[in-house]
Amino acid sequence: MWKTIIRRILVMIPQLLVLSLLIFIMAKFMPGDPFTGMVTPDTDPARIEELRQQAGFYDPWYQQYATWMMNAVQGDFGKSYTYKVAVADLIGDRALNTLWLSLVSVFLLYLIAIPLGVLAGRYQNTFLDKTVVLYSFISYAIPVFVLALIFLFLFGYKLQWFPTSGTVDIKYENGSLGYIWSKFYHLLLPAITYAVLGTTGVIQYLRTEVIDAKSQDYVRTARSKGIPLNKVYSRHIFRNSLLPIAAFLGFTITGLLGGSIFIETIFGYPGMGQLFIQSISGRDYSVITALVMLYGFLTLLGSLLSDIIMSIVDPRIRID
Amino acid sequence: MKEQTESALIQSEHPESSPPTGFQVIMREFKKDKLAMFSLIALIVVIVGIFIWSLLIDQQQMMRVSLRDKFAEPGDKFLLGADQGGRDILGQLIIGARNSIAIAMAVTLLTGVVGIMIGLTTGYFGGWIDNIFMRIIDFFITIPSLMIIIVFVTIVPKYNIPIFILIVSVFLWPGTARLIRSKALSESRRDYINASKTMGTSDAAIIFKKMMPNLSSILIVELTLNFAGNVGIETGLSYLGFGLPPSTPSLGTLVSYANNPLVLSEKWWIWLPASLLILFLMLGINYVGQAIRRSADAKQRLG
């Protein structure tokens with residue numbers, strides 16, 4: 001068990017290194033350097049030149065890469081060109097917003113997907129099952145931005161059930177109950193959009209899992225012992241099907257990250273995805289490199305999480 | 001003697017003794033699934049229609065800004081209204097759809113050829129070639145490719161459509177390669193492959209003349225689903241403003257006008273038709289893809 005996890009983490013290291021090298025090379029192709037952010041009309045160009053010298057801007061690339069990596073590991077990505085603050089601080093607040101959004105999304109996703117998946121599997125080939133299959137097909141095929149816009153149009157503007165941008169109403173004081181509610185209310189529509197898009201995988205998996213389980217020996221045994229059908233579903237089948245679903249968590253996180261760029265831009269939600277698009281438009285390259293690196297790291301972490309959960313749930317894939 | 005010729009005649013008259021080809025199986029599936037048949041026909045009609053119609057549109061004329069028609073509502077002059085610059089939405093929709101579909105096809109073809117070649121070879125040979133490529137593919141699959149594509153799009157000098165196709169393809173072939181590899185891997189253990197090897201058939205001939213035809217239905221499924229995915233990726237990137245160059249209309253660009261809250265809430269004719277067309281393409285192509293997938297798997301077939 002531990003062997004698998006450690007081996008998996010070791011595999012991650014070269015992947016991270018190659019990714020960082022790729023990002024470093026990309027960064028070299030971007031105009032500007034970490035000191036461009038400090039330039040103001042009254043900075044002496046010679047001073048900047050001196051700083052560049054000191055920071056090893058003219059060192060060979062491998063040395064520069066090593067320094068950049070060392071700084072990055074310590075969370076130092078330089079200064080934002082546009083906001084003139086440390087990149088890490090800039091990302092910090094945004095990351096928290098994205099984290100909250102992701103948590104609510106994942107919660108809603110499982111809240112929608114688990115009952116639908118189990119019911120569709122239980123009542124296979126009924127009207128209910130067909131509706132669920134159709135729903136999961138549509139949510140699979142529809143692109144993120146189209147669904148997000150349609151939701152924003154319908155629920156935000158036409159029906160006015162939800163606010164259309166931001167994270168919180170300014171009228172509330174920080175920390176008050178109204179503040180927390182307003183925050184939650186603001187991230188609800190983006191989170192629902194996320195959840196609807198992500199349900200497909202979980203629903204289809206659960207459905208097939210339940211259908212397969214119906215004809216298995218342990219279910220027949222349970223039935224022949226006289227356990228009521230409802231209990232067989234809620235206790236035996238559900239528990240067996242649910243564990244592999246946990247393994248989806250990692251992939252869900254990965255999917256969320258990719259979608260966050262669209263969702264946060266459309267719903268005007270100030271998270272990391274929106275920051276990325278803003279930085280690209282503002283050519284804020286130190287923020288871009290930091291964000292790509294962070295997303296890469298989180299994506300790897302997501303697949304690591306999935307693999308670890310999988311190896312806990314399914315002992316067959318462990319390496320001994 | 002007579003009997004012999006007769007039996008030969010009977011045999012030639014009853015060709016069904018040979019198993020149905022992949023194409024026949026797919027046709028049977030479509031005959032059984034009316035909705036898939038409808039999707040297929042509708043898709044072909046819409047795509048061919050868009051390509052023909054786009055030939056009849058004078059793009060320069062259409063993209064000319066005329067402020068008098070700013071946000072013109074759908075009516076006699078403009079069937080689907082006009083955008084902020086007074087440009088005809090319907091014309092942009094047709095040209096944009098043609099561009100989006102053509103680019104998605106180009107990306108599908110490029111990633112398809114690369115992915116299939118690499119997938120088949122690595123799966124067939126296994127060993128160290130497979131190991132090296134699997135590491136590369138694993139790497140590509142775990143990186144945040146959407147973000148890196150966006151960064152590339154912004155830093156590439158002399159950015160144009162072929163470069164866009166190339167950038168997107170670089171990050172999309174690994175998915176196809178991985179799937180094809182896993183299929184080729186199990187296929188390469190089959191008896192007919194071993195038999196061919198013992199007979200001294202060259203590796204290239206085994207891969208492309210024996211293995212590839214046997215995997216053909218899976219390849220078609222993969223290409224179809226990729227096509228749908230690529231429509232989504234191109235329109236998505238164009239929506240964010242990192243797809244086609246601004247002068248070239250795309251379905252994504254049309255939808256992106258909705259980033260202006262006024263357009264989103266009041267001027268539905270600008271963004272809704274493009275969104276619905278994207279939705280139609282995605283649903284249709286995916287549905288057709290699923291029908292083909294079912295026909296590729298004997299256990300799931302309806303027909």
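So that the names make sense, note that chain A is the first sequence line, chain B the second, and so on, each numbered from 1. The structure presented is a predicted model; accordingly, all values stated were derived computationally and were not measured.
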Out of [options], which one racks up the most heavy-atom pairs below 4.5 Å with chain A?
options: B:L272, B:V231, B:I285, B:T235; result: B:T235
options: B:V156, B:L281, B:V255, B:L240; result: B:L240
options: B:L283, B:I143, B:L146; result: B:L283
options: B:Q290, B:M282, B:R135; result: B:M282

Leading residue by heavy atom contact count with chain B [cutoff under 4.5 Å; candidates A:L149, A:V146, A:I23, A:I142]: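 Heavy-atom pairs under 4.5 Å are most numerous for A:L149.
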Residue selection (most heavy-atom pairs with chain B, distance under 4.5 Å) from A:P143, A:G156, A:G302, A:S303: A:P143
For [X], does the [atom1] atom have more than 12 heavy-atom neighbours from other residues, nucleotides or ligands under 6.0 Å away?
X: B:K183; atom1: NZ; value: no
X: B:F38; atom1: CZ; value: no
X: A:F297; atom1: CZ; value: no

Portion of A:L257 that has a non-hydrogen atom of chain B nearer than 4.5 angstrom: neither
Interchain contact, A:F276 with chain B, by part (heavy-atom threshold 4.5 Å): side chain
Chain A contact via [X] - side chain, backbone, both or neither, heavy atoms under 4.5 Å:
X: B:S145; value: neither
X: B:F139; value: both
X: B:F152; value: side chain
X: B:L279; value: side chain

Shortest non-hydrogen separation from B:V151 to A:M26 and the atoms involved: CG1-CE, 3.7 Å
Residues of residues 167-179 of chain B with any heavy atom under 4.5 Å of a heavy atom in chain A: none
Any chance you could measure [X], atom [atom1], to [Y], atom [atom2], to the nearest 0.5 Å?
X: A:I266; Y: B:Y239; atom1: CD1; atom2: OH; value: 3.5 Å
X: B:N286; Y: A:I138; atom1: CG; atom2: CD1; value: 11.5 Å
X: B:I150; Y: A:I277; atom1: CD1; atom2: CD1; value: 4.5 Å
X: B:L225; Y: A:Y140; atom1: CG; atom2: OH; value: 5.0 Å
X: A:T299; Y: B:I141; atom1: OG1; atom2: CD1; value: 12.5 Å

